[in-house]
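Below: one structure, written as structure tokens.
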Amino acid sequence: MNEFDVVPTCNCNRTTHRSEKERKALLNRCNRIEGQIRGVKGMLEKDVYCDDILNQIAAAQSALNALSRVILEKHIKTCVIDRLQQGEDEVIDEFMITLEKLMKK
């Protein structure tokens, strides 16, 4: 395992229903972010000026933050509320851990 390997931290017993339109929109965002990251890699390979690379990284971070906000909103409005209504109060602790991870810099 290297520093770029993705380590799953999900509760793989749970799923979230998304409409096809919603899923497609999220995947389109991911594809754009992936392209931005490939752009950073290409810039590094070409020894592009640092400031230009940093601007590209900032754009990718902004896109990731926007994706997080969309998913976070859906999570609160559906998953968290549904589990609370079912009496699963532990969802609050789970959500707070997730929120703390999102807010780290």
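This is a predicted model, so every value here is computed, not measured. Counting begins at 1 with the first residue of the sequence.
Partners of Lys77 by side-chain hydrogen bond (donor to acceptor under 3.5 Å, both in side chains), not counting sequence neighbours, listed by chain and number: Glu73. Residues forming a side chain to side chain contact (heavy atoms under 4.5 Å, CB included) with Ala66 (at least two apart in sequence, or on another chain): Arg29, Arg69. Residues passing the side chain to side chain contact (heavy atoms under 4.5 Å, CB included) test with Lys74, sequence neighbours excluded: Thr16, Glu22, Thr78. Partners of Asp93 according to the side chain to side chain contact (heavy atoms under 4.5 Å, CB included) rule, which considers only residues two or more places apart in sequence or in another chain, do not exist here. Taking the side chain to side chain contact (heavy atoms under 4.5 Å, CB included) definition, one finds that Glu90 meets it with Arg83, Glu88, sequence neighbours left out. The side-chain hydrogen bond (donor to acceptor under 3.5 Å, both in side chains) check on Arg23 picks up Glu20, with sequence neighbours excluded.
In the hydrophobic clustering of this structure, Ile81 does not group with Phe95; members are Ile, Leu, Val, Met, Phe, Trp, Tyr whose side-chain heavy atoms approach within less than 4.5 Å, directly or through other members.
In terms of heavy-atom proximity, Ile76 sits nearest to Val80 at O-CB, 3.8 Å.
Here the CG atom belonging to Leu102 is positioned 6.0 Å from the CG atom belonging to Leu72, to the nearest 0.5 angstrom. For the atom pair Leu99 CG and Ser68 OG, the distance stands at 11.0 Å (nearest 0.5 Å).
At least one side-chain heavy atom of Leu84 sits less than 4.5 Å from a side-chain heavy atom of Ile92.
Other members of the cluster containing Leu26 are Ile33, Ile37, Leu64, Leu67, Val70, Ile71, with ILVMFWY side chains joined at under 4.5 Å, either directly or via other members.
Under the side-chain hydrogen bond (donor to acceptor under 3.5 Å, both in side chains) criterion, the residue pairs touching residues 35-49 are Glu34-Arg38, with sequence neighbours excluded.
Side chain of Asn55 to main chain of Asp51: a donor-acceptor pair is present (N/O by atom type, distance under 3.5 Å, no hydrogens or angles).
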